Asker: 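The structure that follows is given in the form of structure tokens.
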Amino acid sequence: MEKYLWLVPALPFAGALILILGSGKLTKGISGFIGAGSVGLSAAISLVLGLQFLREPATVIQQQLWSWFSVGGLSTNFALHLDALSMVFIFVITFVGFLIHLYSIEFMHDDDGFTRFFAYLNLFVCSMLILVLADNLVLMYLGWEGVGLCSYLLIGFWYKEEKNGYAARKAFIITRVGDTAMAIGLFMLFQTFGTLTIQEILNLAPQRLPMGSETGTIIAFLLLGGAVGKSAQLPLQTWLPDAMAGPSPVSALIHAATMVTAGVYLITRTFPLFELAPLAQNWVGIIGAVTLLIAGFSALTQFDLKRVLAYSTISQIGYMFLALGVGAYSSAIFHFMIHAFFKALLFLGAGAVIMVLHHEHDMFKMGGLKDKLPVIFWTFLIGAGSLAALPFITAGFYSKDQILWMALASEKGNIWFFLAALIGAFVTAIYTFRMVFLTFYGEEKTHVGHPVGALITIPLVILGILSFAAGFIELPHTLGHFTLFSDYMTAVVPATELSPGIESTEWLIQLSAAVLCLAGVGIAYFFYMKRTDLRAELKSSMIVTNRFWYSGWGFDQVYDFVFVKPYVYLSSINKNDIIDAFYKGIVSVSNFFHDAFARTQNGVMRWYIMGIVVGAIFVLSIGLLFQ
Amino acid sequence: MKAIPVEAGLILAGTLFMLGLISVLIRRNIIFMLISVEIMLNAAGLAFIVAGARWGQPDGQVMFIFILTMAAAEVSVGLALILQLYHQLQTLDGDAANKMKG
Amino acid sequence: MELTFYVASAIAILSTIMVITRYNMVHALIYLIISFLAIAIVLFVLGAPFIAALEVIIYAGAIVVLIIFVIMMLNLREETVQQERSWLTKDIFIFPAILSAILLAEVIYIITSGEQIMLDQPSIDSSAVGMSLYGPYVIGVELCGILLMSGIVGAYHLGRQKKKIVHRFLEHAEQ
Amino acid sequence: MSKTDFLNIVPLFILTSSAILIMFSISVKRNHKMIYVITALSLVADFIYIVQYNAKIKWVIEPLFVFDGFAVFNMGLILMTALAVTMISFAYFEQREERKEEYYILLILATLGACVLVISKHFISLFLGLEILSVSLYSMIAYLRRREKSDEAGLKYLIMAAFSSAFILFGMALVYAQCGSLEFNGIAKYLTGYTQIPILLLTGFGLMIVGIGFKLSLVPFHMWAADVYEGAPAPVTAFIATVSKGGVIVLLVRFFTLINGYQYQSLMLIFTAIAIASMFIGNFLALRQRNVKRILAYSSISHIGYVLVAFLAGGSMGVEAVSFYLVAYFITTVGAFGILSTLSDHDRDADHMEDYQGLLWKRPWTAAILSAMLLSLAGIPLTAGFIGKFYLIAAGVNTDRWLLVSMLALNSAIGLFYYIRIIAVMFERHEGEEERQDVLHPSVYIISGVTMGMLVALLLWVGVYPEWMMSVIRTYVHN
Amino acid sequence: MVLLLFIIILMAGGVVAWIASRFNETVGKIIALLTVSADLALSIMVWLNRQAYLDSSQDQWMMRFNAEWIPTFGISVSFALDGLSLLMIMLTFFLGVLAVLTSWKEIEYRTGFYYFNLLWVLAGITGVFLTMDLFLFYFFWEVMLIPMYFLIGVWGHENKTYAAYKFFIFTQASGLLMLLAILSLYFIHGSANGTYTFNYFELLNTTYSPEVGRLLMLGFLAAFVVKLPVVPFHTWLPDAHSQAPTAGSLILAGLLLKTGAYGLLRFVVPFFPEASLELAPVAMLFGVIGILYGAILAFSQTDFKRLVAYTSVSHMGFVILGVFAFNELAWQGVVMQMITHGISTGALFILAGSLYERIHTRDITSMGGFWARMPFMAVIALIFSMASLGLPGLGNFVAEFLTLLGSWSANRTLTIFAAIGLVGATAYSLRIMQKIYYGEARMDPHRSSHSQDLGTREKLIFIPMVLLIVWLGVYPQVFIDTAKRPVNDGLKLSEQKIRKSFEAREAVLNQKGGAHE
């Protein structure tokens with residue numbers, strides 16, 4: 001099986017290629033078949049590989065395809081590297097990807113760009129797989145940018161709406177900012193290590209970079225920059241809410257389950273570098289903590305269903321960053337996986353709702369869908385519960401709880417991280433259930449269209465089961481102490497070192513988290529089910545805060561003011577190129593001389609003779625002066 | 001003929017030359033300009049005579065004769081041209097002949 | 001002998017000044033003749049009797065007469081004098097005079113800056129000039145002929161009148 | 001005068017006798033074609049006679065002439081240029097009702113004057129050559145008597161040329177008064193004792209520079225050029241731009257190298273200033289000029305400025321460069337004016353930009369030839385002008401005349417503008433307008449066509465394979 | 001002999017095409033196409049036989065050709081081909097074929113003369129890439145200008161005359177400075193060694209004082225930075241590019257600019273390594289300024305071709321940045337940049353031309369929504385705008401990555417700013433997509449009734465370009481290997497020279513008894 005590893009990314013790529021070349025000629029059925037089928041095959045291969053890894057987590061599969069370029073000391077290959085970490089990722093990517101492909105066949109059925117959609121989607125899966133399988137950072141960068149491109153294409157999929165294009169562009173440019181930082185990081189890495197192969201770097205890191213060294217810190221920060229951009233973390237998070245302009249499956253796959261977690265992958269992959277730069281790692285945590293709060297509060301005020309989910313995604317990735325920041329790599333990856341399941345589920349559910357309601361995004365115009373769309377409702381509820389981390393029964397609880405615990409208990413954790421995570425959990429519960437109540441309860445406000453078909457419900461159900469059950473592979477000490485996932489992950493990442501003597505408080509933390517979560521649900525219930533009349537009051541009493549949160553804490557406005565506007569202004573005032581004015585100046589000076597001299601040629605003979613006389617005087621004067 | 005310095009002869013020639021020059025510059029009448037040029041040529045000839053006299057060579061005088069010839073040829077062509085121009089412009093104003101400029 | 005030189009020089013300069021300030025063309029030409037005659041004397045004093053004669057004959061004689069002939073041909077009247085008066089204002093003198101003065105000053109300065117040399121060579125008579133002219137410079141003389149030839153051909157071509165009546169009365173009548 | 005003297009002077013003799021022959025033939029019967037043939041034949045004969053001179057042997061006819069390689073080469077150049085001018089003159093004058101025949105006498109005499117200039121080694125021959133050239137030119141410029149402009153140009157040239165001749169003469173007189181010799185050698189001998197030029201002599205040189213500068217239309221003695229170029233008939237303009245200037249430059253080179261003017265700072269300074277001013281002012285004047293003849297006039301001012309760069313660079317390379325550039329420049333200028341005269345119609349010369357609009361589409365060959373000429377003037381590769389300019393710059397760089405060389409480069413760039421402007425006009429799309437009817441016998445056009453073709457072939461040949469021309473120049477100029 | 005043949009085929013083909021199209025225009029076109037294709041085929045044959053050259057270690061040159069031209073001046077017709085020039089001439093012929101194809105329908109009048117000019121430009125460019133005689137180099141340098149001038153001036157757009165002048169005068173004026181430098185080099189060499197020659201290999205051994213070296217280098221540099229172009233000498237480029245006919249823009253952007261880059265690699269650094277080293281920080285700074293300035297300006301342009309023109313300014317900034325970084329990575333990056341930029345920007349210009357053919361405007365504000373109408377073209381546009389923003393997997397990424405990687409070790413600050421230029425590149429590249437292909441169709445139906453998707457001929461143009469840019473993106477090693485020897489030898493040579501002169505100076509210092517101590 002190992003030697004077929006290359007097929008995992010190659011199959012979706014081949015699919016994409018066929019779809020691109022055959023666009024316009026293939027029927028929708030064939031397109032869907034190719035699109036979903038290729039990913040499905042990939043998923044199958046990765047499943048088989050995954051089983052192997054479950055048996056032997058420490059397996060490492062290396063596969064070199066061809067030499068990309070080798071210049072000077074740099075030699076870069078198209079080479080794949082599969083270990084336990086990337087295994088988790090490729091599993092999630094192919095599996096969730098496959099489900100979303102299935103879902104899309106029905107979801108996108110009436111769209112003109114059906115084939116195009118699948119082509120992009122396949123290309124995305126391929127890029128994402130390259131990203132996680134890359135053996136060296138340059139190849140990873142290829143995947144990194146490739147997913148960016150696909151994200152761009154898919155956000156702007158409905159290109160006729162101009163604003164979709166702008167949203168896509170925004171996403172690309174902002175992530176590019178991060179990517180540039182990462183690229184610079186790559187340069188530094190190359191200069192420091194003379195190679196860009198990940199494993200070599202990681203092996204050499206402890207020798208070349210002393211603990212806390214300046215170079216190491218800068219490198220870590222630059223990599224963090226890349227991660228922050230891709231994963232929509234502070235301060236580059238603003239693109240993600242706008243990215244919801246894309247079709248819902250896209251939001252599910254790219255902007256929730258896979259691409260946005262590339263940052264998590266990058267940091268986990270290069271964790272030794274971060275370990276060597278404690279400052280940077282601490283900042284990972286800080287960024288995660290702040291982001292999760294900011295995004296959580298923003299989510300509270302949104303009324304576009306998908307934007308709520310978008311902010312929640314930012315917030316949840318904030319949790320992962322927080323986990324990374326405290327050195328709880330396996331927790332982060334665990335949360336990534338669970339999050340991928342439930343967030344994909346939520347997005348797909350939301351997409352189904354929106355589709356059924358004829359592209360209605362506003363939650364306040366929804367309601368009462370509980371009975372009309374039972375399957376969607378139940379699966380969505382499971383997802384929401386998982387997101388809100390309803391205690392004990394949802395997968396989200398276990399993954400998030402672990403992070404909460406680590407934020408405090410890890411050696412690198414502290415009380416502030418913990419508090420932020422805790423408040424975040426509380427807020428999460430509120431907005432999640434606000435969303436649930438608004439959408440599915442209350443009276444029906446919009447006409448419900450065709451009910452959804454099997455291709456939509458099946459992925460929802462599978463994901464629902466996963467969101468419910470996947471948490472049980474990793475149970476905390478207090479609840480059975482089942483550590484399948486973290487054991488598996490130890491093959492690639494170290495177990496988190498806990499502060500001494502803190503174990504005893506674990507139950508307390510779990511309890512507080514559970515209570516807060518339920519309290520959050522309660523508050524949501526109170527405001528959005530029980531006393532809907534208080535809502536307006538609350539809103540008006542907090543109008544400023546509300547607006548501030550709604551706008552995503554004003555980041556867009558600030559960036560607009562600080563970067564975009566000046567750039568556009570600078571660019572537009574200089575449209576005609578100021579430097580050209582200099583050359584135009586030369587031209588006018590020449591013309592001036594021409595005019596001046598032409599005036600001497602006035603046709604009058606005596607004047608000409610005068611010229612000769614002046615010349616004679618000049619000649620004689622020079623003769624006299626410089627004799 | 002002892003005490004005439006070379007300078008005196010040359011200054012005379014130079015002065016006459018300059019007078020002709022002034023005349024060329026101030027006169028608008030083409031015939032006058034031609035006459036002025038003749039004065040200048042004559043002055044140059046005089047200078048040659050002075051120089052020839054200084055060295056006691058006949059070359060200066062030979063040169064004078066050639067200048068004379070040239071002046072004659074010049075005047076004849078010049079006058080023919082002036083006649084021609086007068087018929088076209090009905091004036092002897094040198095400044096009027098300024099159709100070409102720029 | 002020196003006196004003759006200086007007197008003749010003064011006359012030459014004065015009459016040349018008169019030439020360039022006259023309004024009437026014929027008057028100016030008469031002054032020009034005087035100037036040429038004075039220069040002829042200077043030439044004679046400088047030991048070039050043959051040239052002095054040529055000066056009188058050709059310059060004062062031929063060339064000036066030629067000009068007068070043309071003036072007569074053009075039948076210039078009193079208006080021309082008036083016109084000349086209007087052209088020859090004082091301010092028109094200023095700039096040319098300044099320029100020429102500078103030039104003259106430079107030339108005089110240069111001429112007088114060297115050590116003084118007296119002209120004490122014996123007179124060069126016509127035979128010496130002739131020997132030289134038809135000795136080494138014989139090709140020059142031939143070239144002179146060519147020069148005159150081109151002058152004649154040119155003057156002939158340009159001066160030729162094609163059925164055009166020169167006299168202005170007739171000309172007016174014809175129009 | 002010995003027999004060898006006589007044999008050497010035969011070129012001048014041939015020209016004179018052909019002029020006289022033409023006079024006779026006019027008195028018998030005016031026949032334009034025949035006289036044209038006589039002129040051309042005499043120039044060819046003269047050239048052939050010249051070719052058999054041995055470049056290595058220097059023959060002196062005391063005191064006036066010297067026949068060395070340099071003189072012979074330039075004499076040949078002048079004769080060939082005159083021949084080309086004759087060729088383009090025929091068609092030009094054929095369509096004008098003036099009496100045409102005297103023109104050829106004047107042309108031959110002017111050529112003779114230029115030939116005298118290049119072989120002269122004495123002030124008298126210098127003066128006579130210059131005057132024969134000038135006096136003939138007066139009449140040639142004003143030759144088309146019906147044109148007011150032609151007359152005006154003739155008169156302007158006459159007065160100013162005479163005026164400048166007076167300067168030259170006065171300068172010569174001062175030089176003579178100082179040195180006691182009218183011969184270049186004598187002056188050079190006189191000067192060998194001096195590290196600095198005696199001031200009177202310098203003044204004499206200065207006044208002569210005024211006259212020479214006038215003939216070469218160098219700034220600030222340049223102002224006549226545009227008016228005269230514009231007024232003169234196109235072939236005559238070509239003649240003024242080439243033969244008359246060429247002769248004077250050769251003379252200048254001869255005189256200057258003989259007295260070794262390079263060692264005198266003041267002379268160099270004067271010439272440097274003049275050269276730079278000529279380049280700049282000539283180019284600036286041409287910059288937005290709309291009259292093609294005036295453009296060429298102004299460009300000729302700057303081109304002579306360029307030549308001065310090599311001239312001032314001195315050394316054998318400088319002289320070679322000057323000679324080569326003259327060749328290139330003559331070909332080009334005659335070519336350009338040749339096209340101009342073929343485009344000229346009955347009433348006026350084709351000197352407006354509008355006459356060239358869309359020429360490439362109307363008469364592609366004509367336009368192509370003119371483009372080649374203009375590109376050569378601009379110094380673009382594949383043309384003689386490029387190699388010429390290259391040679392000039394090489395000469396300048398060789399002796400480290402950086403100021404001049406950089407000015408040359410700068411001015412070449414400025415100059416490009418107006419040359420390509422003419423080309424651009426030719427490329428403009430031109431709608432409508434019937435093609436001009438041919439009014440003359442077709443053979444006339446064939447003759448001009450062949451002449452133009454040969455010129456352009458020469459231009460390209462010298463441009464692509466300059467080695468031959470260079471080696472010719474080397475054999476002649478080095479001795 | 002093959003080397004001479006490359007040029008002769010083009011020149012002769014040009015003349016034949018001109019003559020032929022006086023009788024039949026199609027025949028003229030076909031002749032032009034065949035001519036360039038023949039050269040392309042020839043160059044591919046050379047390419048296929050390159051292995052021996054790659055393996056051998058003695059001669060840097062694959063092929064040489066020498067013949068006398070003007071022995072008086074020591075000028076010879078001297079050509080030589082190494083990996084670098086091989087890559088460049090292949091690019092030349094490849095783009096040449098495409099240029100002929102793009103012009104197929106676009107040029108409607110005077111086609112014969114058009115193809116003549118086109119082929120002669122190519123001949124000039126080929127000459128520049130191959131010649132090893134400095135006089136000949138200058139000669140070809142100029143030869144490529146005039147036909148280009150005609151291409152712009154005759155077949156260009158509304159403001160063609162102005163653009164043509166500007167192009168011509170800029171390049172000529174700077175070229176003259178180079179001529180001065182070449183001549184001084186010639187004379188310095190001649191007076192020192194006694195042999196006056198313009199031969200590249202001979203002149204390489206010329207020694208001169210640092211001051212002289214500096215001045216000479218500036219002369220060479222003048223020509224190259226204007227051609228490249230480096231801000232602030234770039235202003236001819238937007239005008240020339242936007243006004244030229246499509247093939248003209250293609251050749252300008254794809255090839256003419258590369259001659260500047262080639263000149264830097266081939267002449268400036270090997271001749272004046274020391275002076276270059278001194279100048280490096282400044283030159284790199286200018287490169288970075290160019291990257292950023294071009295990106296900013298590109299962003300605000302509304303004329304499609306002008307926009308692309310400014311992207312060229314930006315991309316060429318990488319070239320000068322890389323050249324003066326003095327290491328193998330950067331130089332390979334520069335070589336790659338030369339090739340990939342030629343293809344990607346060329347493709348964008350062809351796209352602009354195709355759009356212009358359909359809607360008769362280049363104003364992107366009046367475009368929009370073309371994706372629906374022309375999906376194939378949109379995909380092509382997407383690919384090449386991605387290439388232009390440096391997406392990995394396409395050639396430009398490799399180029400820019402290597403350049404930046406190389407320049408990082410030379411100057412970190414500047415590299416960071418250069419990398420920021422990538423963000424700017426993203427902004428302008430996406431703007432192309434946004435304005436032209438996204439959004440509602442803004443053209444009124446009447447005008448855009450002809451807006452059909454790409455035809456077969458156009459596909460024939462674009463598909464090879466796409467394949468090539470992808471090839472360059474995923475397997476550039478073949479190109480890198482080809483350019484390896486010239487790059488390494490160039491670097492080694494300059495290093496040696498620097499060391500030698502350093503040692504010489506040391507020796508002088510020691511003789512003086514360590515004056516600086």
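Each chain gets a letter, A, B and so on, in the order the sequences are listed, and its residues count up from 1. Worth saying up front: this structure is predicted, and the values here are computed from it rather than measured.
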Asker: Is there a donor-acceptor contact under 3.5 Å linking the side chains of Tyr310(E) and Asp577(A)?
Answerer: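 Checked: Tyr310(E)/Asp577(A) side chains pair up, N/O donor to acceptor below 3.5 Å.
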Asker: Backbone N or O of Ser300(E) within a donor-acceptor pair of the Ser572(A) side chain at under 3.5 Å?
Answerer: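 Not at all, since once roles are kept as given, no pair shorter than 3.5 Å links the two residues.
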Asker: Please determine, among Thr76(A), Leu570(A), Val138(A), Asp112(A), the option with the most heavy-atom pairs under 4.5 Å with chain E.
Answerer: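 Most heavy-atom pairs under 4.5 Å with chain E: Val138(A).
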Asker: Please look at Val231(E) and chain A and tell me whether the side chain, the backbone, both or neither of the residue comes under 4.5 angstrom of a heavy atom of that chain.
Answerer: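 When you check distances to chain A, only side chain atoms of Val231(E) fall under 4.5 Å.
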Asker: Within a reach of under 6.0 Å around CG of Leu21(A), are more than 12 heavy atoms found that belong to other residues, nucleotides or ligands?
Answerer: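 Counting other residues, nucleotides and ligands, CG of Leu21(A) exceeds 12 neighbours.
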Asker: Grab the two heavy atoms, one from Leu297(E) and one from Lys575(A), that are nearest each other, plus how far apart they are.
Answerer: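 Closest heavy-atom pair between Leu297(E) and Lys575(A): CD2-O, 3.9 Å.
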Asker: Leu222(A) versus chain E, heavy atoms under 4.5 Å apart: side chain, backbone, both or neither?
Answerer: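 No part of it gets close to chain E.
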Asker: How many angstroms lie between atom CE of Met188(A) and atom OG of Ser409(E), to the nearest 0.5 angstrom?
Answerer: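 Met188(A) atom CE to Ser409(E) atom OG measures 12.5 Å (nearest 0.5 Å).
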Asker: When you compare the side chain of Leu389(E) with that of Arg176(A), does any pair of heavy atoms fall below 4.5 Å?
Answerer: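 A side-chain contact exists here, since the closest heavy-atom pair is under 4.5 Å.
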Asker: How about Trp68(A) and Gln477(E): does a side-chain donor come under 3.5 Å of a side-chain acceptor?
Answerer: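 Looking only at side-chain atoms, Gln477(E) and Trp68(A) do not form any donor-acceptor pair under 3.5 Å.
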Asker: Side chain, backbone, both or neither: which part of Ile296(E) has a non-hydrogen atom closer than 4.5 Å to chain A?
Answerer: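 Both parts, backbone and side chain.
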Asker: Report yes if some heavy atom in the side chain of Phe397(E) is under 4.5 Å from a heavy atom in the side chain of Leu142(A); otherwise report no.
Answerer: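 No, their side chains stay 4.5 Å or more apart.
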Asker: Counting only non-hydrogen atoms closer than 4.5 Å, does Phe582(A) touch chain E with its backbone (N, CA, C, O), its side chain (CB onward), both, or neither?
Answerer: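 Neither part; nothing is under 4.5 Å.
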Asker: Rounded to the nearest 0.5 Å, how far apart are OH of Tyr428(E) and OG of Ser571(A)?
Answerer: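 Here the rounded value is 12.0 Å.
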Asker: Is it the case that over 12 heavy atoms from other parts of the model lie below 6.0 angstrom from the OH atom of Tyr162(E)?
Answerer: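 Yes - once you tally the heavy atoms of other residues, nucleotides and ligands closer than 6.0 Å, there are more than 12.
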Asker: Quick one: do Lys166(E) and Asp580(A) make a salt bridge, cutoff under 4.0 Å?
Answerer: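 Judged by the 4.0 Å cut-off on N to carboxylate O distance, Lys166(E) and Asp580(A) do form a salt bridge.
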Asker: Heavy atoms, side chains only, cut-off 4.5 Å: are Ile578(A) and Tyr293(E) in contact?
Answerer: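 A side-chain contact exists here, since the closest heavy-atom pair is under 4.5 Å.
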Asker: Checking Thr302(E) against chain A: side chain, backbone, both or neither under 4.5 Å from a heavy atom?
Answerer: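 For Thr302(E), backbone and side chain are both near chain A.
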Asker: Specify the closest pair of heavy atoms between Thr180(A) and Ile420(E), including all atoms of both residues, with the distance to one decimal.
Answerer: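 Closest approach of Thr180(A) to Ile420(E): CG2-N, 4.0 Å.
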Asker: Which heavy-atom pair separates Gly424(E) from Tyr567(A) by the least distance, and what is that distance?
Answerer: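 Heavy-atom minimum between the residues: CA-OH, 4.1 Å.
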Asker: Quick check for you: to the nearest 0.5 Å, what is the distance between Trp144(A) atom CH2 and Leu391(E) atom CG?
Answerer: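 Trp144(A) CH2 to Leu391(E) CG: 14.5 Å, rounded to 0.5 Å.
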Asker: So does Glu214(A) have more than 12 non-hydrogen atoms from other groups sitting under 6.0 Å from CD?
Answerer: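 It does not: Glu214(A) CD has 12 such atoms or fewer within range.
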Asker: Look at atom NZ of Lys160(A) and say whether more than 12 heavy atoms of other residues, nucleotides or ligands are closer to it than 6.0 Å.
Answerer: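 Count not over threshold, so no.
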Asker: In this structure, are over 12 heavy atoms from other groups packed under 6.0 Å from Trp158(A) atom CH2?
Answerer: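 More than 12 heavy atoms, drawn from other residues, nucleotides or ligands, come within 6.0 Å of this atom.
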Asker: Need one label for Lys584(A): side chain, backbone, both or neither, based on atoms under 4.5 Å from any heavy atom in chain E.
Answerer: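 The side chain, not the backbone.
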Asker: Would a 4.5 Å heavy-atom cut-off, applied to side chains only, mark Tyr437(E) and Tyr159(A) as touching?
Answerer: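 Result no, sub-4.5 Å side-chain heavy-atom pair not found.
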Asker: List the atom of Phe190(A), the atom of Leu329(E), and the distance in Å for their closest heavy-atom pair.
Answerer: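 Closest approach of Phe190(A) to Leu329(E): CE2-CD1, 3.5 Å.
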Asker: For Phe78(A), is it the side chain, the backbone, both or neither that has a heavy atom under 4.5 Å from a heavy atom of chain E?
Answerer: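 Side chain only.
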Asker: When rounded to the nearest 0.5 angstrom, what distance separates CE in Met386(E) from CD in Glu145(A)?
Answerer: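 Here the interatomic distance stands at 10.0 Å.
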Asker: CZ of Phe157(A) to OH of Tyr438(E): how many Å apart, nearest 0.5 Å?
Answerer: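 Between atom CZ of Phe157(A) and atom OH of Tyr438(E) there are 10.0 Å.
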Asker: Nearest heavy-atom pair of Ile579(A) and Pro232(E): which atoms, and what distance?
Answerer: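 Minimum heavy-atom contact is CG2-O, 3.5 Å.
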Asker: side-chain contact (heavy atoms from CB on, under 4.5 Å) between Tyr583(A) and Phe170(E): does it pass, once the steps are laid out?
Answerer: CA-CA 10 Å; Tyr583(A) 295 103; Phe170(E) 262 82; 3.4 Å; yes
Asker: Less than 4.5 Å apart, side chain to side chain, heavy atoms only: is that true for Arg169(A) and Met433(E)?
Answerer: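 When only atoms from C-beta onward are counted, Met433(E) and Arg169(A) do not touch, as no gap falls below 4.5 Å.
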Asker: Could you look at Phe376(E) and say if it's the side chain, the backbone, both or neither that has a heavy atom under 4.5 Å from chain A?
Answerer: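 Contact with chain A involves no heavy atom of Phe376(E) at all.
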Asker: Rounded to the nearest 0.5 Å, what's the gap from CG on Leu472(E) to CZ on Phe69(A)? Could you check?
Answerer: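 Those atoms lie 12.0 Å apart.
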Asker: Under 4.5 Å from any heavy atom of chain A, what part of Asp239(E) do you find: side chain, backbone, both or neither?
Answerer: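 Just its side chain gets close to chain A.
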Asker: Give, as side chain, backbone, both or neither, the part of Arg431(E) having an atom under 4.5 angstrom from any heavy atom of chain A.
Answerer: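 When you check distances to chain A, atoms from both the backbone and side chain of Arg431(E) fall under 4.5 Å.
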Asker: Can you tell me if Phe326(E) has over 12 outside heavy atoms packed within less than 6.0 Å of its CZ?
Answerer: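 Yes, the 6.0 Å shell around CZ holds more than 12 heavy atoms from other groups.
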Asker: Find out whether Leu153(A) and Leu382(E) are in side-chain contact, i.e. whether some heavy atom of one side chain is under 4.5 Å from a heavy atom of the other.
Answerer: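 They are in side-chain contact.
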Asker: Any side-chain heavy atom of Phe187(A) within less than 4.5 Å of one from Phe401(E)?
Answerer: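 Phe187(A) reaches Phe401(E) side chain to side chain.
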Asker: Looking at Phe286(E), I'd like to know if its CZ atom is crowded, meaning that more than 12 non-hydrogen atoms belonging to other residues, nucleotides or ligands lie closer than 6.0 Å.
Answerer: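 For Phe286(E), atom CZ is not crowded (no more than 12 foreign heavy atoms under 6.0 Å).
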Asker: Provide the closest heavy-atom pair for Val71(A) versus Gln332(E) in the form atom of the first, atom of the second, distance.
Answerer: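 Closest approach of Val71(A) to Gln332(E): CG1-CG, 3.5 Å.
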Asker: Does the side chain of Ile173(A) come within less than 4.5 Å of Leu430(E)'s, by heavy atoms?
Answerer: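 Leu430(E) vs Ile173(A): side chains touch.
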